Number of protein chains: 2
Amino acid sequence: MLTISRLAAYAGVTVRAVRHYHRIGLLPEPARDRSGYRTYDAVAVVRLIRIRTLADAGVPLARVQELLDAGTKEFAGGVQEIDKALRAEIRRLQDTRGRLARLAAGEHLALPQSVVDYLDRLRGLGVEERYIEMERDAWIMIAAQVPHSIDAVIAKKHEELDDPDTVRLYSLLSGALDWPADDPRIVEVADIMERLMVRAMEAGEVGADDGIDDQFVDLLDSAMVESSPHAARLLAILEERGWKGWTRIERVPADRLNTEPPPS
Amino acid sequence: MLTISRLAAYAGVTVRAVRHYHRIGLLPEPARDRSGYRTYDAVAVVRLIRIRTLADAGVPLARVQELLDAGTKEFAGGVQEIDKALRAEIRRLQDTRGRLARLAAGEHLALPQSVVDYLDRLRGLGVEERYIEMERDAWIMIAAQVPHSIDAVIAKKHEELDDPDTVRLYSLLSGALDWPADDPRIVEVADIMERLMVRAMEAGEVGADDGIDDQFVDLLDSAMVESSPHAARLLAILEERGWKGWTRIERVPADRLNTEPPPS
DNA sequence: GCTTGACCTTGACGCTGGGTCAACCCTCCA
DNA sequence: TGGAGGGTTGACCCAGCGTCAAGGTCAAGC
């Protein structure tokens with residue numbers, strides 16, 4: 001007969017595990033010798049190895065018990081199911097390896113590929129990294145809010161970049177981070193924006209539902225205002241000309257201009 | 001800003017998990033709005049996704065914290081280590097799939113291949129399945145006791161099977177399970193055994209150390225005695241002729257014969 | 001016959017990574 | 001105004017053992 005440690009060593013488990021299996025009734029308590037030691041036979045070895053094989057496959061011990069005490073047919077079915085789960089787990093781990101590699105490479109796992117491509121395009125246009133980081137954070141927030149429509153939104157932004165005016169706009173905005181507070185070029189920015197807005201209105205693109213809720217639009221706008229001292233001035237200029245907003249543009253009717261107090 | 005549930009949904013985790021990460025200090029507690037709700041920004045999204053990527057790879061959360069708060073170099077090293085562990089885990093799972101298939105096919109995972117081959121050879125010689133099962137259980141116990149030398153022991157048994165006398169012996173023993181209690185063929189068994197023992201002694205094989213301890217030899221012998229009513233008779237006949245044991249054979253000097261009390 | 005060291009016993013607490021209530025508050029919409 | 005559907009904290013629960021703690025047993029050597 002075997003002692004508990006021989007049994008455990010042969011089956012490749014710890015003594016503690018064997019005792020655990022006894023407590024939960026997975027492995028029957030064997031006879032004891034006169035000093036109280038457990039004495040095991042070959043049947044216990046076979047059962048323990050079957051337990052380990054299933055447990056190593058990630059099967060919960062309760063399920064292991066069901067399977068080992070079930071008929072041949074149910075057992076075969078269960079094993080097939082376990083094997084399927086095992087294949088899935090292997091695929092998941094391979095997938096995780098891929099994500100890990102991308103994480104190590106510094107890729108932005110927080111963003112869908114479409115957004116990453118868009119940011120790369122901006123980078124290619126010479127937009128400064130500081131500005132791109134601001135954009136990136138905004139996109140992360142947008143993607144988190146409306147994960148289902150992010151690709152459509154990005155597609156529209158890509159179209160906009162086909163317009164040389166938009167390219168010029170980004171080029172100006174990127175540099176603006178270093179402008180002095182009263183730099184006159186901000187007026188040029190406003191001019192370009194107004195041209196773009198007019199064209200967008202004519203194309204019927206303004207006021208279209210983008211699926212982003214109003215509060216969130218306000219939030220992105222205020223984040224923009226906080227990002228640079230020029231931002232508030234730019235919005236003020238545009239508002240004088242009858243435009244409102246940044247993330248989402250609105251035309252303000254002339255009679256409502258300046259009837260509301262300025263934002264705090 | 002994001003609420004906890006939007007953050008969680010976007011990163012693919014549960015709200016509960018996010019709060020757990022706050023409690024263990026893995027994700028910093030964000031600011032609250034005036035009603036006490038947590039409000040998250042893009043930085044939190046990025047951090048949470050990094051946490052998940054590492055946690056999905058099986059990294060303990062404490063280690064995740066170390067890695068995320070470490071320098072680029074240490075991070076890269078850590079990720080490499082994790083990837084190695086991931087590869088090892090994938091291999092382990094593939095291995096487990098193999099063992100699972102063998103388990104489902106009814107193979108004896110409790111036995112090394114050499115023993116399985118040996119039992120198959122016995123089966124090929126026409127030995128009855130009942131007898132083979134007894135042999136198998138004995139081999140399981142032996143393999144558990146002396147896993148390192150089991151292959152050598154089996155090699156010796158294979159050699160013995162090259163002797164036609166041994167083959168005849170097994171053929172008789174296999175059928176003996178159904179013999180009446182006083183079947184005279186038991187004497188033929190004893191004759192064959194004696195011939196084999198003499199030859200083994202002449203070859204100097206008796207008394208060689210097989211690495212199996214005495215107590216265990218006694219145990220296997222007594223298991224043999226319990227397995228069949230003929231076993232005791234067979235041992236008695238052999239003992240009259242000056243031989244002792246079964247698992248391990250000893251020559252008993254003539255002057256010591258019958259001087260000890262019979263075993264209980 | 002005594003010690004030593006390896007092994008055995010039971011029992012209790014600890015750990016990870018959250019799940020699952022419970023009991024209550026906040027916000028939004030009809 | 002009230003009800004759904006968020007949010008908040010807190011407390012307990014789970015597997016599958018690891019890890020002491022506090023001893024009893026056994027074989028071996030001196």
Side-chain angles (χ1 to χ4, degrees), chain A residues 1-27 29-40 44 48 51-67 85 96 144-145 213-216 218-219, chain B residues 1-27 29-40 44 48 51-68 82 85 89 96 144-145 213-219:
Chain A
M1 306 301 230
L2 303 172
T3 64
I4 197 168
S5 60
R6 279 205 177 281
L7 168 75
Y10 188 60
V13 307
T14 64
V15 169
R16 183 67 181 82
V18 175
R19 288 205 272 250
H20 184 62
Y21 300 156
H22 286 321
R23 265 220 286 285
I24 63 175
L26 186 48
L27 191 64
E29 277 279 1
R32 309 290 185 117
D33 66 13
R34 72 187 185 292
S35 60
Y37 289 14
R38 293 177 180 84
T39 56
Y40 296 91
L48 182 54
I51 291 171
R52 272 327 302 174
T53 304
L54 291 168
D56 286 345
V59 181
L61 298 185
R63 179 90 179 107
V64 169
Q65 187 147 18
E66 284 178 19
L67 282 174
T96 300
Q145 284 282 350
D213 86 11
D214 299 351
Q215 282 203 342
F216 191 61
D218 291 351
L219 220 141
Chain B
M1 306 300 233
L2 302 172
T3 64
I4 196 169
S5 58
R6 278 204 178 283
L7 169 74
Y10 188 59
V13 307
T14 65
V15 169
R16 184 66 179 79
V18 175
R19 289 204 272 250
H20 184 61
Y21 299 157
H22 287 321
R23 266 216 289 284
I24 63 176
L26 185 48
L27 191 64
E29 277 280 0
R32 308 290 184 116
D33 66 15
R34 69 188 185 293
S35 59
Y37 288 14
R38 293 175 178 87
T39 57
Y40 297 90
L48 182 54
I51 291 171
R52 272 328 302 174
T53 304
L54 291 168
D56 287 344
V59 181
L61 297 185
R63 180 88 179 109
V64 169
Q65 188 149 16
E66 282 177 17
L67 282 174
L68 292 187
I82 292 160
E89 175 67 3
T96 300
Q145 286 282 352
D213 84 13
D214 297 352
Q215 282 202 341
F216 191 59
V217 169
D218 290 351
L219 220 140

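A quick note: this is a predicted structure, and the numbers were derived from the prediction, not measured.
Listed pair A:T3 / C:dC8 meets the phosphate criterion, a side-chain N or O lying under 4.0 Å from OP1 or OP2. The side chain of A:R23 places no N or O atom within less than 4.0 Å of a non-bridging phosphate oxygen (OP1 or OP2) of D:dA15. Distances shown here put every side-chain N or O of A:S35 at or beyond 4.0 Å from the OP1 or OP2 atom of C:dT9. Note on B:R6: every side-chain N or O is 4.0 Å or more away from OP1 and OP2 of D:dG7. Taking only side-chain nitrogens and oxygens, B:R38 comes nearer than 4.0 Å to OP1 or OP2 of D:dT8.
For A:Y40 against A:P30, the heavy-atom pair with the smallest separation is CE2-CG, 3.4 Å. The minimum heavy-atom distance between A:V18 and A:A8, with the atom names listed, is CG2-CB, 3.9 Å. Counting all heavy atoms, side chain and backbone alike, B:Q65 lies closest to B:I24 at OE1-O, 3.7 Å. Shortest non-hydrogen contact noted between B:Q145 and A:M1 is NE2-O, 3.5 Å. When every heavy atom of B:A44 is checked against every heavy atom of B:L27, the shortest pair comes out as O-CD1, 4.1 Å.
In this structure, of D:dG24, D:dG6, C:dG17, it is C:dG17 that holds the atom nearest to the side chain of B:P60.
B:Y37 places its OH atom 12 Å from the P atom of C:dC25, with the value rounded to the nearest Å. Rounded to whole angstrom, the span from the OH atom of B:Y40 across to the C1' atom of D:dG7 amounts to 11 Å. If you take CG of A:D33 and P of D:dC26, they are 7 Å apart, rounded to a whole angstrom.
Within 4.0 Å (heavy atoms only), A:I24 reaches no atom of the nucleic acid at all. Backbone-only contact: B:R32 has heavy atoms under 4.0 Å from sugar-phosphate atoms and none from a base.
Using a 4.0 Å cutoff on non-hydrogen atoms, the parts of residues 11-21 of chain A near DNA chain D are A:T14, A:R16, A:A17, A:H20, A:Y21, ordered by number.
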With side chain to side chain contact (heavy atoms under 4.5 Å, CB included) as the criterion, how do A:I51 and A:V13 come out once you've worked through the C-alpha distance, each side chain's angles and the decisive distance to 0.1 Å? CA-CA 10 Å; A:I51 291 171; A:V13 307; over 6 Å; no

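Qualifying ring pair (Phe, Tyr, Trp, His ring centres under 6.0 Å) partners for A:H20, counting only residues two or more places apart in sequence or in other chains: none.
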Enumerate the protein-to-nucleotides 2-4 of chain C contacts in which both atoms are nitrogen or oxygen and the separation is below 3.5 Å.
none

